[in-house]
Amino acid sequence: MSKVLIIGAGGVGTVVAHKCAQNPEVFNEIVLASRTKSKCDAIAKAIGKDNITTDSVDADSVPQLVELFKKHNPDIVINVALPYQDLTIMDACLECGVNYLDTANYEPLDEAKYQYSWQWAYKERFEQAGLTAILGCGFDPGVSGVYTAYAAKHHFSEMHHLDIVDCNAGNHGKAFATNFNPEINIREITQRGKYYQDGKWIETDPLSVHRPLNYPNIGARESYLMYHEELESLTKNFPTIKRARFWMTFGQEYLTHLRVIQDIGMASIVPINYNGQEIVPIQFLKAVLPNPKELGQNYTGETSIGCRISGLDKEGKPMTYYIYNNCSHHEAFLETGMQAVSYTTGVPAMTGAMMFLQGKWKRPGVWNVEEFDPDPFLEQLNVQGLPWHEIINEDIEL
């Protein structure tokens, strides 16, 4: 018997709950908790299974988390709350002897800073407690790291160049909306770009480096160089990589809205005083923008996310390799009620928890996904709704 506790009832949490419920032989009992219990109740009602219970918790509070964990005694926590809450949840896991998985690295509330050092610092404590912590098990980070590990295991003797490419070619019909938490999304996009080159990190102005890239079944889309957290762990765990970059697509209308939001100060994370009350502009903006959970119904098109890798094959010959997934917004909505961006994050989170509960990704300490065996994870992705494809030794443009 196994019990999973999901923290977070947004779009990703909704998908995780649906996918866990679809695999009752692995997830015998499911607990869904968030700050607002009614959101959890609505998700549980939509799923309609009798092995789901709901609860409430403030994930900023270690005492509340400890109380929740002791009440339900889960085998593993899937953290799909906010990245600011990673450390409090990890602290509670250590106190209660619970294993841990998340989809995004910790970042402080008052600074848009993306690095794993805070969570890697927990490694020895999780080892001593005999607990497993799996970091960054969404799609990117997450599947992008597993794809890279699979390439290293099966195709390359040395990987030299890695480009993670993320295209959303969907249309939700809104003038401006973000596909996941607006506060996190805008902070991520407006930070300075950064990529890895010959042992050094090179910074760029936000979205200043861009080029059109071709995506399978989609075609050419303008793609922008950004910094993304998995670059830090992948260049550490695969030291033959000489250059690592991350690219994401944005439409011109989206970028125009984003520029105006920045110009008028609404992207700021610095508190201001308004009518005697302290507010954070980007948090106010989040309250008035469309809820990412409600975009799915009219969403058309698909996403395409993958890794383009070049280097030397197992015989030492030059090789190029592209491994990717395309996901339909409409099909994701029909299955879970959420759009493909939530789906592509939630399915891997469930799959990583499955790997742990089956004993395939179970190792005391704090680990990034690429440090585990990629084969059983990718085998399950094909079954769980995110089939992957390979293109070998064809032009991958980068």
Side-chain angles (χ1 to χ4, degrees), residues 82-84 86 103-120 135-136 138-142 144-145 148 161-168 176 178-213 221-237 241-272 280-283 285-286 289 305 307-308 341 345 368 398:
L82 295 172
Y84 322 134
D86 289 359
T103 62
N105 71 348
Y106 172 76
E107 60 179 273
L109 184 61
D110 58 354
E111 184 181 8
K113 191 171 185 179
Y114 304 86
Q115 61 186 47
Y116 276 115
S117 60
W118 290 289
Q119 291 178 276
W120 285 344
L135 304 184
F139 206 109
D140 45 348
S144 56
T148 304
H161 297 149
L162 166 66
D163 285 281
I164 300 168
V165 293
D166 183 328
C167 172
N168 180 8
F176 182 83
T178 61
N179 293 289
F180 56 94
N181 184 291
E183 185 179 355
I184 304 300
N185 189 212
I186 293 172
R187 280 167 59 122
E188 176 183 298
I189 293 166
T190 56
Q191 69 169 326
R192 287 178 62 78
K194 188 166 68 171
Y195 66 96
Y196 182 82
Q197 178 81 51
D198 297 324
K200 299 178 182 178
W201 291 100
I202 300 171
E203 289 197 8
T204 64
D205 290 333
L207 306 182
S208 62
V209 178
H210 54 94
R211 62 191 298 181
L213 301 176
R221 290 290 189 276
E222 197 69 16
S223 306
Y224 294 79
L225 187 145
M226 297 171 50
Y227 178 66
H228 229 237
E229 63 233 54
E230 67 263 45
L231 298 181
E232 180 184 15
S233 66
L234 289 171
T235 52
K236 170 179 173 283
N237 289 319
I241 293 176
K242 299 177 181 178
R243 186 189 70 206
R245 302 178 296 191
F246 181 94
W247 304 82
M248 184 174 280
T249 62
F250 302 102
Q252 285 306 308
E253 186 175 16
Y254 181 94
L255 293 176
T256 298
H257 278 83
L258 185 64
R259 186 173 65 251
V260 172
I261 287 169
Q262 288 180 276
D263 288 347
I264 64 176
M266 288 304 298
S268 173
I269 61 176
V270 179
I272 63 170
V280 176
I282 197 170
Q283 292 178 359
L285 179 67
K286 171 186 173 182
L289 286 176
I305 314 173
C307 295
R308 302 179 178 189
V341 177
T345 305
N368 293 90
L398 294 168

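Values below: all heavy atoms of this structure, side chains included; hydrogens, waters and symmetry mates excluded. Computed from a predicted structure; not experimentally measured.
The minimum heavy-atom distance between Trp247 and Ser223, with the atom names listed, is CE3-O, 3.6 Å. Ala267 and Ile282 get closest at one heavy-atom pair: O-CD1, 3.8 Å. The heavy-atom pair separating Phe250 from Leu207 by the smallest distance is CE1-CD2, 4.0 Å. Smallest separation of non-hydrogen atoms from Ala244 and Tyr195: O-CB, 3.4 Å. When all heavy atoms of Ala104 and Gln119 are compared, the pair lying nearest together is O-OE1, 4.3 Å. Residues Tyr106 and Tyr84 approach most closely at CE1-O, 3.3 Å, considering heavy atoms.
Within the 4.5 Å cutoff, the side chain of Tyr224 has no heavy atoms near those of the Ile189 side chain. Using a 4.5 Å heavy-atom cutoff, the side chains of Ile164 and His228 are not in contact. A 4.5 Å side-chain heavy-atom check between Thr249 and Leu213 finds every atom pair outside the cut-off. Counting heavy atoms from C-beta outward, Ile272 and Pro281 have side chains that approach closer than 4.5 Å. The shortest distance between side-chain heavy atoms of Tyr227 and Glu232 falls below 4.5 Å.
Between atom OG1 of residue Thr256 and atom CD1 of residue Ile261 there is a gap of 11.0 Å, rounded to the nearest 0.5 Å. Once rounded to the nearest 0.5 Å, the distance linking CG of Leu162 with CG of Leu234 reads 6.0 Å. One finds the CG atom of Leu255 at 9.5 Å from the CD atom of Gln262 (value rounded to the nearest 0.5 Å). Here the straight-line distance linking atom CG of Asn368 with atom NZ of Lys236 works out to 7.0 Å at 0.5 Å rounding. Phe139 CZ to Thr345 OG1: the interatomic distance, rounded to the nearest 0.5 Å, is 9.0 Å. Atom NZ of residue Lys242 and atom CD of residue Gln197 lie 10.0 Å apart, to the nearest 0.5 angstrom.
In this structure, Asn105 contributes its side chain and Gln115 its backbone to a donor-acceptor pair below 3.5 Å. At distances below 3.5 Å, not a single donor-acceptor pair connects side-chain atoms of Glu230 with backbone N or O atoms of Gly136.
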**OP:** Would you check, one step at a time, whether the test side-chain contact (heavy atoms from CB on, under 4.5 Å) holds for Asp140 with Phe246?
**Re:** CA-CA 10 Å; Asp140 45 348; Phe246 181 94; 3.4 Å; yes
**OP:** Step by step, work out the side-chain contact (heavy atoms from CB on, under 4.5 Å) result for Asp163 and Arg243.
**Re:** CA-CA 8 Å; Asp163 285 281; Arg243 186 189 70 206; 3.6 Å; yes
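A salt bridge links Asp205 with Arg192: the closest approach of a Lys/Arg side-chain nitrogen to an acidic carboxylate oxygen falls below 4.0 angstrom.
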